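Here the structure comes first, spelled out in structure tokens, and everything after it is commentary.
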2 protein chains.
Amino acid sequence: MAEKPAVRDAIRTQEKILAAAQAEFARRGYDGARVDAIVARAKVSKNLLYHYFRGKEDLYIRILERVYETLRRRQSDVAVNGLDPLDAMIRLCENTFRVFVEEPDVIIMLNTENLHRARHIGKSTIIRSMYDRLAETLREILRQGEEQGVFRKGVDPVELYISISGLGYFYLSNQYTLSMLFNRKLGAPEHIEHRQAHLVDMVISYLTREPQPGDWTPELAR
Amino acid sequence: MAEKPAVRDAIRTQEKILAAAQAEFARRGYDGARVDAIVARAKVSKNLLYHYFRGKEDLYIRILERVYETLRRRQSDVAVNGLDPLDAMIRLCENTFRVFVEEPDVIIMLNTENLHRARHIGKSTIIRSMYDRLAETLREILRQGEEQGVFRKGVDPVELYISISGLGYFYLSNQYTLSMLFNRKLGAPEHIEHRQAHLVDMVISYLTREPQPGDWTPELAR
DNA sequence: TCCCTGTTGGACTAATTGGTTAGTTTGATA
DNA sequence: TATCAAACTAACCAATTAGTCCAACAGGGA
């Protein structure tokens with residue numbers, strides 16, 4: 001039609017469809033998402049969607065992969081090498097939280113995928129191999145901190161990663177119900193800010209706490 | 001039919017329907033849940049469901065209220081009075097985590113409700129007034145701990161509650177994707193156990209950490 | 001016996017759904 | 001300028017969905 005520069009641009013069109021699909025899936029989840037809504041958002045005929053993609057599930061998996069890729073990229077991007085362990089850890093915490101704040105699609109995609117018990121991830125080969133690097137970074141920071149005597153010994157990196165994520169993730173993913181319950185607009189920028197500081201405080205307190213005599217909860221080395 | 005003791009028991013039947021609905025909603029979320037599946041689970045005719053309930057959404061809200069009630073009851077049940085603040089806090093942490101472990105339906109219901117941006121909670125008057133008591137308990141424990149010099153000062157109870165919940169919730173709600181990513185069966189009892197200890201350790205470390213000189217992240221009193 | 005309440009059955013609809021078919025437009029090229 | 005594959009569309013389809021209607025029936029108390 002009387003459309004702009006890029007008419008009949010296959011790649012661009014596919015990108016449009018993917019963007020529309022991400023918006024739709026990230027707003028309504030898998031079951032709530034409507035293929036018709038996606039084509040409407042993308043301003044494309046329905047058949048074109050089926051021309052480029054196998055169908056709803058295929059599209060969903062593509063989006064899931066994109067989302068994981070974003071997550072991994074932004075988490076690993078941390079300029080962490082060279083920093084002292086404390087700063088590196090703070091940076092890593094802030095970065096993890098920031099991803100969730102700035103890419104809210106991630107949260108609903110992950111929730112949706114867990115609702116389906118990670119059925120789709122299994123079908124994607126690339127996602128599973130993504131997290132090794134992140135775990136390695138974390139392990140390295142912990143090792144250095146331990147060596148320099150600023151961090152406690154025997155911290156499980158996986159457990160710690162889950163804690164860092166969880167402290168931010170839950171706040172954001174459940175912000176609507178929590179805001180109602182506690183009558184506080186958790187989405188407001190100043191509260192987000194505040195939560196980030198709290199998160200960092202919590203993690204660093206945990207890591208820098210020296211073992212107490214007669215510790216009530218001796219954590220296994222692994 | 002050749003069915004058990006309580007034939008023609010209206011209340012029991014409604015209870016059966018509610019139980020079936022909870023199972024269905026907690027397995028598939030709101031959009032994934034099928035009314036037909038609910039009546040099949042409840043072994044009841046479809047008419048009967050519409051006889052007792054307005055429809056799918058009505059049923060969903062009822063389940064949501066039940067779930068919140070469970071949550072509130074089990075969290076407030078903590079025999080916390082009389083304990084010293086440290087023990088009380090540990091108890092509260094464990095209890096919060098235990099609810100999520102033992103009532104996994106809660107997690108998906110909350111996730112679903114947040115996917116819908118708490119649209120249904122707004123329609124329920126009773127839920128919103130539930131959490132005052134919990135917040136009060138938490139505030140009291142903090143006050144005592146502060147008074148006795150074992151806890152740091154100026155901790156925001158809401159922020160802390162969100163952290164306690166988040167540390168457990170994220171682990172459980174995202175266990176399927178996380179298990180794949182880290183190749184560790186997070187649902188296994190020994191790992192659950194381990195996480196609980198980690199959670200407590202983290203919270204107590206945070207609370208009992210004395211303020212450092214030149215603190216890197218001074219937390220606002222509120 | 002009669003009737004009230006709890007209950008079933010099945011056929012039905014109106015809307016929506018994911019997906020398909022059959023065809024038209026476009027731009028590069030030979 | 002005739003051709004052809006790729007980009008694109010409109011209309012349709014078959015299945016599924018939540019929700020309804022209506023006629024019937026079973027058990028227990030009056």
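Quick caveat, the model's predicted, so the values are computed rather than measured. Every heavy atom of this structure was used, including side-chain atoms; hydrogens, water molecules and symmetry mates were not.
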Rounded distance (Å) that lies between atom [atom2] of [N] and atom [atom1] of [X]:
X: A:L48; N: C:dT26; atom1: CG; atom2: P; answer: 15 Å
X: B:Y52; N: C:dT5; atom1: OH; atom2: P; answer: 12 Å
X: B:L49; N: C:dT7; atom1: CG; atom2: C1'; answer: 13 Å
X: A:H51; N: D:dA5; atom1: NE2; atom2: P; answer: 13 Å
X: B:I17; N: C:dT8; atom1: CD1; atom2: C1'; answer: 13 Å
X: B:Q14; N: C:dG6; atom1: CD; atom2: P; answer: 9 Å
X: A:L59; N: C:dG19; atom1: CG; atom2: P; answer: 10 Å

Aromatic ring proximity A:H191/A:Y171, centre distance under 6.0 Å: no
B:H120 and B:Y30 aromatic ring geometry - parallel, tilted or perpendicular at 30°/60° bounds: tilted
D:dC8 OP1/OP2 closer than 4.0 Å to side-chain N/O of A:T13: yes
Residues forming a side chain to side chain contact (heavy atoms under 4.5 Å, CB included) with A:I107, sequence neighbours excluded: A:F100, A:N111, A:Y169, A:L172, A:S173
Side-chain H-bond candidate by donor/acceptor type, A:Y60 with A:E113, under 3.5 Å: yes
Neighbour count above 12 (heavy atom, 6.0 Å) for B:R119 CZ: yes
Under-4.0 Å salt bridge between A:R28 and B:D31: no
Protein proximity profile, nucleotides 15-21 of chain D - base contact B, sugar-phosphate-only contact S, no contact -, cut-off 4.0 Å on heavy atoms: --SBBBB
